[in-house]
Number of protein chains: 2
Amino acid sequence: MTTLSIQLSTLSEKYVDVVMSVVYNRPASGELADMVSIVSVAKAAGVSNKTVSRVINGEPYVTEETRERVEKAIRDLGYIPNMAARLIRSSRSNTFGIITDYVSTTPYSVDIVRGIQDWANANGKTILIANTGGSSEREVEIWKMFQSHRIDGVLYVTMYRRIVDPETGDVSIPTVMINCRPQTRELLPSIEPDDYQGAQDLTRYLLERGHRRIGYIRLNPILLGAELRLEAFRRTTSEFGLTENDLSISLGMDGPVGAENNYVFAAATEMLKQDDRPTAIMSGNDEMAIQIYIAAMALGLRIPQDVSIVGFDDFRTVTMALKPELTTAALPYYDLGREGAKWLNDLIAGEKIYPASRVVSCKLVERSSVAFGPR
Amino acid sequence: MTTLSIQLSTLSEKYVDVVMSVVYNRPASGELADMVSIVSVAKAAGVSNKTVSRVINGEPYVTEETRERVEKAIRDLGYIPNMAARLIRSSRSNTFGIITDYVSTTPYSVDIVRGIQDWANANGKTILIANTGGSSEREVEIWKMFQSHRIDGVLYVTMYRRIVDPETGDVSIPTVMINCRPQTRELLPSIEPDDYQGAQDLTRYLLERGHRRIGYIRLNPILLGAELRLEAFRRTTSEFGLTENDLSISLGMDGPVGAENNYVFAAATEMLKQDDRPTAIMSGNDEMAIQIYIAAMALGLRIPQDVSIVGFDDFRTVTMALKPELTTAALPYYDLGREGAKWLNDLIAGEKIYPASRVVSCKLVERSSVAFGPR
DNA sequence: GCGCGCTATGACGACGTTGTCAATTCAATT
DNA sequence: AATTGAATTGACAACGTCGTCATAGCGCGC
């Protein structure tokens, strides 16, 4: 028997009345109102338990009349199937495990989880989520835990796109990697956003609007997307005939993820103070664009009239809060999750599969941070 | 048997080599490598299954020698306990359900989930997460699903602090509400952030630094926190002797959450254009502060020398990206989750409990967006 | 030498569900 | 009228684990 302490509110008097304390009883731990089982339903409906089972699972060979009687009994008794018992017989849990580093606890890529969940809901699957927090011992534990729940498959999700080998603990549970891909390029199917194409589209967008001097503030090079985005920028500008002289590229951040050194503001200020300053700046991501905005404004430049700015990710908390709103390329997190779940399901059902890397494209989201460049 | 289609990468040639396709085999659906059970371990160790069970659960009355033999067998066979079977015997699942509107799929309050998960990990509990997406039919389904998994208790979490009655489906599963509280003030314990105290601290912070003309840009009044924060601001300034004339309060947003009308930029511009403009502005939250920054800078004002700004929430993607970094009050999401989980656990264990609203304070996070006011 | 209490172990059943197979009914076909 | 076969139903076992209870061995005190 436990007694809970009540911490009094620190709200001012006016709000104190929201704090109340009522005593009530619950059945003592032992006498939990035990769940009605298939047996009680069978008794109530006057049929065998197998028949009830048939009704529940929509199997054939049940008279309409019996079916109705059973359904009534189910409703009356409030019967709810016991998944654990079901699993123990059928050894298919209809559960997917999501294992992530930080994703479900971090603002950036939660949409992956949303995509997975939506698919799971629509298809009667249950989702078990676990975060490693980056620890690989924890990861091993989680795989064990998943196995002890007899999950049907694993979605291995990372917060940032990266290359990583899951600590699968040598057991072969069907697995799909989302937002990452395996180091040892075997076995595991993976699905990732197309950073290259996203940055390419963004670069073309600027070029098509007449910008010929373009700045680029780089993402932390640790991140896999950083290289791809920059490379896309370089190649695309060069295809359009721009030379290295027309570009102005600097590093925005480096260091360990979550505790990086931040040079964005300084780099942007530097870049925009030049006489032949760029007429447009591509930002490694949306957050960094905040600092570019501030740097530009501090120099008295107007956006987009004096400088155009584009971001990357479409992290909406930022892109919609900036004024003018930020044009960017949307990372297809939701689709990644949804497709990943679907793929995993196929994997579980199928006998032979073709593991492969798949890539989902980034959609350019046009807002108002880009103007036409000088003629 | 399913064959997966391979979508070719849209990466440029250079990156095409990351896309590969290998064919490999898994056992056909039927012949799943069936899990080793307690029985096989018993056979291997030459003991009865009950003895194995004893070893697994650390029960007494097992010789050191037998224990070791059994443990060896467990390791050799890679035995992993079957939770479902365990549950079916003990009817205690050691699983908590989290039911939320959007929380785990939205960037703002993910830390609640992190807090819950951390507690759960440390205490051997499993977490089942489900999102209603705001639909109450979906909510009913979820409660059913939870029951069919025989979860021990529910954490009912909302993205924004609000008043709401869970659709518990008249079954009494122990429940703790996090970041929200029940409309009908009975039965359900709840735990919320102390918006009032947070705003009070922030207001005092500004007052103590000599600010005597203060602006306030209001959060969407739909949100429960909005009223509390504003009220704290009003009362605290008045306690310090400021009058209505010293304050400049305007609405930043209204309309339905997720699709609100945004007046922040305009309101901030308006406020800062006045001759007797405030020397400090309190923002309803951190995101809104982005627009206040931009508005200030567009008017040629420096932060914090000309205007000080404080936010609310400590949404770090924003507070750390703004330059100068934003001083704010941190919503104690992580603690809310952790304490909520702990509380739920006590609830499940206890016989009599005192449901109550608890409140967790917001910590002021001092960064560099506030200067001393005019002397 | 006898009974007592403690340690160590196993046999067996039960949990809630579904798979297997047999039994029954009834209509259609020969 | 006998045979076939499909529709409908139930009896029973089995899944993996743990609780209950029984059994066996052993040292101890009288």
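Every chain is numbered from 1, with letters handed out A, B, ... down the list of sequences.
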For a quick test of reading the model: is some side-chain N or O of [X] closer than 4.0 Å to OP1 or OP2 of [N]?
X       : N      : answer
A/Thr51 : D/dT9  : no
B/Thr63 : C/dT9  : yes
B/Tyr79 : D/dT17 : yes

Is the shortest side-chain heavy-atom distance between [X] and [Y] below 4.5 Å?
X        : Y        : value
B/Tyr333 : B/Asn179 : yes
B/Ile129 : A/Val113 : no
B/Trp119 : B/Lys125 : yes
A/Asn82  : A/Ser37  : no

Return the value, rounded to whole Å, for the distance between atom [atom1] of [X] and atom [atom2] of [N].
X        : N      : atom1 : atom2 : result
B/Ile38  : D/dG19 : CD1   : C1'   : 13 Å
B/Glu65  : C/dT9  : CD    : P     : 8 Å
A/Tyr61  : C/dA22 : OH    : C1'   : 15 Å
A/Leu87  : C/dG19 : CG    : C1'   : 15 Å
B/Leu77  : D/dG16 : CG    : P     : 13 Å
B/Ile74  : D/dT17 : CD1   : C1'   : 13 Å
B/His149 : C/dT17 : NE2   : C1'   : 15 Å
A/Asn94  : C/dT17 : CG    : P     : 16 Å

_Would you compute the distance between atom CD of A/Glu71 and atom OG1 of A/Thr66 and round it to the nearest 0.5 angstrom?_
10.5 Å

For nucleotides 11-15 of chain C, list the nitrogen or oxygen atoms of the protein found under 3.5 Å from its nitrogen or oxygen atoms, one pair per line.
| from | atom 1 | to | atom 2 | distance (Å) |
| --- | --- | --- | --- | --- |
| C/dA14 | N3 | B/Arg89 | NH1 | 3.1 |

*Just checking A/Ser90: base, sugar-phosphate only, or nothing, at a heavy-atom cut-off of under 4.0 Å?*
nothing

*Quick one: label B/Pro81 by what it contacts on the DNA or RNA (base, sugar-phosphate, nothing), any heavy atom closer than 4.0 Å.*
sugar-phosphate

*Start with the C-alpha gap between A/Asp152 and A/Ser93, add the side-chain angles, then the distance that decides, and say whether side-chain hydrogen bond (donor to acceptor under 3.5 Å, both in side chains) holds.*
CA-CA 6 Å; A/Asp152 298 332; A/Ser93 60; 3.3 Å; yes

*Do you see a donor-acceptor pair shorter than 3.5 Å between the side chains of A/Arg138 and B/Asn121?*
yes

At a cut-off of 3.5 Å, list every protein nitrogen or oxygen paired with a nitrogen or oxygen from nucleotides 24-28 of chain C, distance to 0.1 Å.
none

_Let's go through B/Lys144 and B/Glu141 carefully: what are the C-alpha distance in whole Å and the side-chain angles of both, what is the deciding distance for salt bridge (charged side-chain N to carboxylate O under 4.0 Å, His left out) to 0.1 Å, and is it a yes or a no?_
CA-CA 5 Å; B/Lys144 284 235 177 74; B/Glu141 280 174 34; over 6 Å; no

*State, to 0.1 Å, how close B/Arg69 and B/Gly46 come at their nearest heavy-atom pair, and which atoms those are.*
NH2-O, 4.0 Å

